[in-house]
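Below, chains carry the letters A, B, ... as their sequence lines are ordered, and counting in each starts from 1.
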There are 2 protein chains.
Amino acid sequence: MTEGPTITTIAQRAGLSIASVSRVLNGLPTREDTVRRVMRAADELGYVPNSVARSLRNRRTHQIAFALSDIGNPVYVAMVREIQAVLKAAGYRLLLHSTEGDPEDEVCVLRGLRERYVDGLIISPLRGVGAEHIEAVTTARVPVVVVGPVPEGTPVDNVRGDSRTGVLLAMNHLHGLGRRRIGLLNGPLGTAPGAARAAAYREALELLGLPYDENLVEVGDFTRDRGARAARALLARAPGLDALMCASDLIALGALDVLREQGRDVPRDVAVVGMDDTDLASVAWPSLTSVSLGWAERGRAAARLLLDRLRDGSLPPRVVTVEPGLMVRCSTGGGPATAFATRARARVRALALAGGDRP
Amino acid sequence: MTEGPTITTIAQRAGLSIASVSRVLNGLPTREDTVRRVMRAADELGYVPNSVARSLRNRRTHQIAFALSDIGNPVYVAMVREIQAVLKAAGYRLLLHSTEGDPEDEVCVLRGLRERYVDGLIISPLRGVGAEHIEAVTTARVPVVVVGPVPEGTPVDNVRGDSRTGVLLAMNHLHGLGRRRIGLLNGPLGTAPGAARAAAYREALELLGLPYDENLVEVGDFTRDRGARAARALLARAPGLDALMCASDLIALGALDVLREQGRDVPRDVAVVGMDDTDLASVAWPSLTSVSLGWAERGRAAARLLLDRLRDGSLPPRVVTVEPGLMVRCSTGGGPATAFATRARARVRALALAGGDRP
DNA sequence: TTGTACGCGTTATCAA
DNA sequence: TTGATAACGCGTACAA
């Protein structure tokens, strides 16, 4: 808790000016002897630069914030890990903001950026970037990268998943297993992922030549409890279904609970597919086939985008789309031992099926 | 990306001195009229204070760092969430440092504190605070709270779990179910939790009047894979065991995999208990009875300890011990519906058994 | 090569 | 009540 030496202290001790000290410390060309004197004094005093003062001068804090909707959501864990790794390697520190999914809070974070305590922000709003964000994002005084969908044409660095292709992948897989009455357990249609998945589901049915039956669709929430409730409702209404496409792993876990409770065998009677491919998918029993939306990869991409922009602010806004994959596990017939990923291959098939790449 | 107005800009526009502006902005007593002029100018200019400059002056950044061993470890997720909530409410931001379990890296973080970019640190080293940390901890220029065991007598705020009581709780539970050949699947003895759990296991056996049999103990790692491997080895050596005490949920999940693979029914043939009570425990099938070491609570406690100290640096170092509990689920015979927590009650029993409270 | 002096944006002290 | 001014610790033109 000592008061801590500054370059002034060092200068006094070494009998030099603070300018010389600063130069040595920053590795600027200096006479050999001076270097030694400064280093010696710094060493003896246990000098450590004050990063706040430095930031004030440099206008760089070497800190980057990540605003996420909910720390408890496992999809974010993978993202945080990757982001942190990339940033750390580049000499940045990671600040975390958990907004609990409150859009107002998210806007607050964006506004707070103007306080200049970070050099940049990665934000991943659960419900997508709405009108209320957009102004804050585009007028922010530091670079912002959005993970998730943004309105068409928004001039901002953006990393997106492709749940449409993900759903096509999964539906194609189920169809290939001979399933024909495939139910959808979706999240709220008001959220970006909910809407996208609903549309992709319909599209897939069409492509597969299956009829759309609204009795096979139930909307709930992205949680396990609500997923279970939705599954119960759906199974009551459509007892004959032979597969469930779930809009998240948590929903799928809820569905598994209900199926087990009703004595229906998974995957024999009903095959189940989740989305997000979180840790939970491999832990569940039966282990869950799940669409991998590439969360980890998205985290990495977002961090890289941001670092690039910090190096060169004049870059045009870029959009990175991460390819989805399908992790096949027991809940659709794959074994835990035989769990395998189909990414490129399955994707090709699904896209051929879909007739083109339009994420 | 404008250059951003400062109090100087405001002062000019309002025809006042920067001192007056600062006073108004900080709510110090000022003439009504002046207040209005300043507020108006600030508003029109869209002024936002520069938190870096403020920090330089105040020597407070309103940032707190949390150094953890591995973001991917689910026990930390709960902690991060709670810490963030407490800090946010108190007006602090949370910085994350993932050290990947590297003690050297942890020391680096501690050293980095001297750069003054945070007001305090919460650190939770997986292997406990060793000799290499201790100097760094005690000489850090900002308050540090350690979550996890520290050498006796270290003058530092400290939050600890009580895995000893936790193990006693679990062993007592298993004994109560009639299990007599209870195996231990432990993590490395070189880690603090590993050592503590090994000791507690022996102690429990003694208290329960059961013999210690080294053939019933296998040491691996805290991961699922290594847990599975350890389980396989243990089951080969001691096929007759009727219960498994696992030093972490991940180990327990690995054990469940192996038991399923060998066709042994859980809990009928072998009852399984995990530790940490992570989300995974309730997702697994059969759902996993697990010792709750109170990670969320520990996070809260750590944050509070730190905030207290920031308010008053002269407080004596405090130690908070969080009580463990037992979440009984299917893997020892409880149902998912009947899952219940025994904390106080079971604790009392276990302690009566243990003959006193000595965490 | 080295030193002087100023600015980064605030807050706080002291006169006026 | 207000204004001039000095820090906070660092980096860097510019002058010596």
Side-chain angles (χ1 to χ4, degrees), chain A residues 1-39 41-42 45-63 112-119 141-142, chain B residues 1-39 41-42 45-63 112-119 141-142:
Chain A
M1 297 272 188
T2 345
E3 263 319 306
T6 73
I7 54 169
T8 312
T9 329
I10 298 181
Q12 285 166 353
R13 180 162 189 130
L16 292 163
S17 71
I18 61 165
S20 295
V21 176
S22 176
R23 269 191 294 264
V24 172
L25 262 28
N26 292 11
L28 296 177
T30 319
R31 200 172 38 157
E32 182 69 18
D33 173 53
T34 313
V35 174
R36 265 205 305 279
R37 276 159 70 195
V38 170
M39 292 313 253
L45 291 165
Y47 169 79
V48 179
N50 180 321
S51 58
V52 176
R54 184 178 276 172
S55 293
L56 180 58
R57 251 284 336 181
N58 299 341
R59 295 153 165 278
R60 284 251 163 156
T61 60
H62 286 274
Q63 295 186 155
L113 291 183
R114 303 197 271 196
E115 291 176 27
R116 306 175 171 290
Y117 60 93
V118 287
D119 296 340
R141 261 200 278 271
V142 299
Chain B
M1 296 276 189
T2 345
E3 263 318 306
T6 72
I7 53 169
T8 312
T9 330
I10 298 181
Q12 285 166 351
R13 181 165 189 125
L16 292 164
S17 72
I18 63 165
S20 294
V21 175
S22 175
R23 268 191 295 265
V24 171
L25 262 26
N26 290 7
L28 296 176
T30 319
R31 199 172 39 157
E32 183 69 18
D33 174 53
T34 313
V35 174
R36 266 203 306 278
R37 276 159 68 196
V38 170
M39 291 313 253
L45 292 165
Y47 169 79
V48 179
N50 181 321
S51 59
V52 176
R54 184 178 278 172
S55 292
L56 179 58
R57 230 347 273 213
N58 298 340
R59 295 153 163 275
R60 283 248 165 160
T61 60
H62 287 274
Q63 295 184 157
L113 292 183
R114 303 196 270 196
E115 291 176 27
R116 307 177 171 288
Y117 60 93
V118 287
D119 296 341
R141 262 200 278 270
V142 299

Base, sugar-phosphate, or nothing for A:S22, non-hydrogen atoms under 4.0 angstrom?
base

Sequence-distant partners of B:I18, side-chain contact (heavy atoms from CB on, under 4.5 Å), two or more places apart:
B:I7, B:T8, B:A11

If I take atom CZ in residue A:R59 and atom P in nucleotide C:dG7, what distance separates them, rounded to the nearest angstrom?
14 Å

C:dT10 C1' sits how many Å from B:H62 NE2, rounded?
13 Å

Rounded to whole Å, please give me the gap between CD1 in B:I7 and C1' in D:dC8.
14 Å

Output the rounded distance in Å from CG (A:N58) to P (C:dG7).
17 Å

Atom pairs, protein N/O to nucleotides 3-6 of chain D N/O, distance under 3.5 Å:
unit_1, atom_1, unit_2, atom_2, d
D:dG3, OP2, B:S17, N, 3.3
D:dG3, OP2, B:S17, OG, 3.2
D:dG3, OP2, B:S20, OG, 2.6
D:dG3, N7, B:R23, NH2, 3.0
D:dG3, O6, B:R23, NH1, 3.2

Using the side-chain contact (heavy atoms from CB on, under 4.5 Å) rule, take A:T6 and A:N50 through it: C-alpha gap first, then chi angles, then the decisive distance, then the call.
CA-CA 8 Å; A:T6 73; A:N50 180 321; over 6 Å; no

How many Å lie between CD on A:Q12 and P on C:dG3, as a whole number?
13 Å

Could you check B:R31 against B:L56 and say which one's nearest nucleotide on DNA chain D is further toward the 5' end?
B:R31

Could you state the atom-to-atom distance from CG of A:N50 to C1' of D:dG11 in whole Å?
13 Å

Rounded distance (Å) that lies between atom P of D:dG9 and atom CZ of A:R60
24 Å

Does a side-chain N or O of B:Y47 approach OP1 or OP2 of C:dT10 to a distance below 4.0 Å, or not?
yes

Rounded distance (Å) that lies between atom P of D:dG11 and atom CG of A:L25
7 Å

Flag, side chain of A:R37 to backbone of A:A14, donor-acceptor distance under 3.5 Å
yes

Mind grabbing the angle between the end helix axes of the helix from C:dT1-D:dA16 to C:dA16-D:dT1? Five pairs an end, 10° rounding.
50°

